[in-house]
Protein chains: 2
Amino acid sequence: MARTKFDETDFKGAALAIAAERGPLAVTVGSITERLKAPTGSFYHRFASRDILLGELWLETVLDFQQGTTAALDAGDPLAAALHTPAWVRKHLDEGRLLLLYHRDDFVQREWPQTLRDRVAAQTEQMAGGFARAARLIFGHAGPDEIRRAQFLLAEVPVAVVRRHLERREPPPPIVDELIRITYRAVVDDYRTRTRSDGAGG
Amino acid sequence: MARTKFDETDFKGAALAIAAERGPLAVTVGSITERLKAPTGSFYHRFASRDILLGELWLETVLDFQQGTTAALDAGDPLAAALHTPAWVRKHLDEGRLLLLYHRDDFVQREWPQTLRDRVAAQTEQMAGGFARAARLIFGHAGPDEIRRAQFLLAEVPVAVVRRHLERREPPPPIVDELIRITYRAVVDDYRTRTRSDGAGG
DNA sequence: CGACTACTAGAATAATTATTCTAGAGATCT
DNA sequence: AGATCTCTAGAATAATTATTCTAGTAGTCG
């Protein structure tokens, strides 16, 4: 066995750094190997293709992120799930840029590699399940309307407030959490008053 | 003068359609001319480069979008400015995808063309001015904290709620406006109560 | 030691795109 | 009609990338 100079994590680390700096499009086999001063042969010895490296990187990152949300829901605390986004981003600035500034499909150039399809599908499903669970925790019911509101509170708003700061490569300031809290409480209160006065909410 | 078969708007229209369907990356000189069945010579007769076509397309689209926001602020109605996003998107689904699903820099491949730099800078400035104006209208004051909240209400939240629907190529349903309204009222009320109880706001 | 394995090394190849270039065609003007 | 100007046409060129291929090298196992 020849001396291993570059392992999988080296390549992934370089890819993450480049993606965080210049976007996923700038992550080319050339830019990775240049940064590492590794030959392209070593790259292809580890990964069957560029798309597989980037697909795995995205998938691992999103799963790490989602874990925190899931944990908060397991603890029955949906507000904590909403606040998890800024908290996680503060710990993982590069990963935050990767995940929240770009689209899933910005990472692979063609179709998603067959080898990753199932894992991506599982991730999507887990996410959908999380929203339903959150809807039940927050509103006591998981109809389409409640799920839509849960998506708003747990995903759309937190990502939206955090984005501007990620673009500037700065950790999200406290006002971000405050805005998430205000919005959370407002949507919950609104739902309660509305279901109390006029019949159902769908 | 030879018969004009393809004018600027033909090329821009094709570019818009392709960008809305498959993203700005799929807008290549080849995909445009193929769609139009035009020769590449005609393309380069109209536009100095691919980046200039796409830069102009983005710029024209964002200015059209911003006009509605500005009009609402001129009318002294910041809530209408917040609701302008879903309203405009319903009228311009393709343009909405172009503008709200991608980044400004996804459109040009290298640096922004020199010829467009000034117009982009003016656009950015206009946008910043709009937020300051909105902050004054909503909160009566335009300090950093008030401006941040105005950005949240006028830009971040509306874009965030609308995005999911744009991804599915469907017009944003009424719940979107409702969520924007709820959030708007909540942030305004919060600011009022807070500045009434403990001193200033930041 | 000698075969084998797991890599390093990087040149060669292929595919995709932007851009340039050379020709030719139809209007318009005189 | 003939000159000229604006375009159409599309082939040729250049640059960028992903991927493949051929060699060589350093450990490990027998």
Side-chain angles (χ1 to χ4, degrees), chain A residues 1-19 21-58 102 105-116, chain B residues 1-19 21-58 102 105-116:
Chain A
M1 190 195 287
R3 199 161 75 84
T4 289
K5 287 191 179 176
F6 313 99
D7 62 14
E8 283 203 11
T9 65
D10 291 327
F11 289 112
K12 280 185 183 162
L16 168 63
I18 295 166
E21 275 169 26
R22 295 183 283 141
L25 213 74
V27 183
T28 66
V29 176
S31 69
I32 291 172
T33 54
E34 184 191 28
R35 189 183 188 101
L36 246 39
K37 285 174 192 350
T40 65
S42 295
F43 178 89
Y44 280 95
H45 185 73
R46 302 284 178 189
F47 300 96
S49 72
R50 187 210 96 118
D51 279 5
I52 283 179
L53 165 69
L54 275 142
E56 286 186 2
L57 180 60
W58 182 84
Y102 304 95
D105 290 347
D106 294 339
F107 290 84
V108 304
Q109 285 176 337
R110 312 198 142 202
E111 297 233 291
W112 269 74
Q114 192 60 57
T115 27
L116 301 181
Chain B
M1 188 194 289
R3 199 159 73 84
T4 289
K5 287 191 180 178
F6 314 100
D7 62 14
E8 282 204 11
T9 65
D10 291 327
F11 289 113
K12 280 185 182 161
L16 168 62
I18 295 164
E21 274 169 27
R22 296 183 282 142
L25 214 73
V27 183
T28 66
V29 176
S31 69
I32 291 172
T33 54
E34 184 190 28
R35 188 184 190 99
L36 246 39
K37 285 170 191 355
T40 65
S42 295
F43 178 90
Y44 280 96
H45 184 74
R46 302 284 178 189
F47 299 96
S49 72
R50 187 210 95 117
D51 279 6
I52 284 179
L53 165 68
L54 275 143
E56 285 186 1
L57 180 60
W58 181 85
Y102 305 96
D105 291 345
D106 293 340
F107 291 83
V108 303
Q109 285 176 336
R110 313 200 138 199
E111 297 234 290
W112 269 75
Q114 192 60 56
T115 28
L116 300 180

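Within every chain, numbering begins at 1; the chains are lettered A, B, ... in the order of the sequence lines, protein sequences first and strands thereafter.
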Sorted by number, the residues of residues 33-52 of chain A with heavy-atom contact under 4.0 Å to DNA chain D: T40(A), Y44(A), S49(A), R50(A)

Does A26(A) offer a backbone N or O that forms a donor-acceptor pair with the side chain of S31(A) under 3.5 Å? yes

Heavy-atom closest pair, residues F6(A) and P39(A): CE1-CD, 3.9 Å

With under 30° as parallel and over 60° as perpendicular, where do the rings of F107(A) and Y102(A) fit, or are they tilted in between? perpendicular

Using the C1' atoms of five pairs at each end, what's the angle between the two axes of the helix from dC1(C)-dG30(D) to dT30(C)-dA1(D), to 10 degrees? 10°

For E21(A), look at atom CD and say whether over 12 heavy atoms of other residues, nucleotides or ligands are found less than 6.0 Å away. yes

L53(A) CG to dT17(D) C1', in whole Å, measures 15 Å

Considering only side-chain heavy atoms of R110(B), which listed nucleotide, dA18(C), dT8(C), dT16(D), is closest? dT16(D)

Distance-only donor-acceptor check, side chains S49(B) and D51(B), under 3.5 Å: no

Parallel, tilted or perpendicular: which describes the rings of F11(A) and F47(A), with under 30° parallel and over 60° perpendicular? perpendicular

Does OP1 or OP2 of dA9(C) have a side-chain N or O of K5(A) closer than 4.0 Å? yes

Do you know which two heavy atoms are closest between R46(A) and T4(A), and how far apart they sit? NH2-CG2, 3.2 Å

When rounded to whole Å, the CD to P distance for the pair E8(A) and dC7(C) reads 10 Å

Within the distance-only criterion (no hydrogens, no angle test), does the side chain of R35(A) pair as donor or acceptor with the backbone N or O of A15(A) below 3.5 angstrom? no

Expressed in angstrom and rounded to an integer, what is the separation of L25(A) atom CG from dT17(C) atom C1'? 13 Å

Does dT17(C) have its OP1 or OP2 closer than 4.0 Å to a side-chain nitrogen or oxygen of T28(B)? no

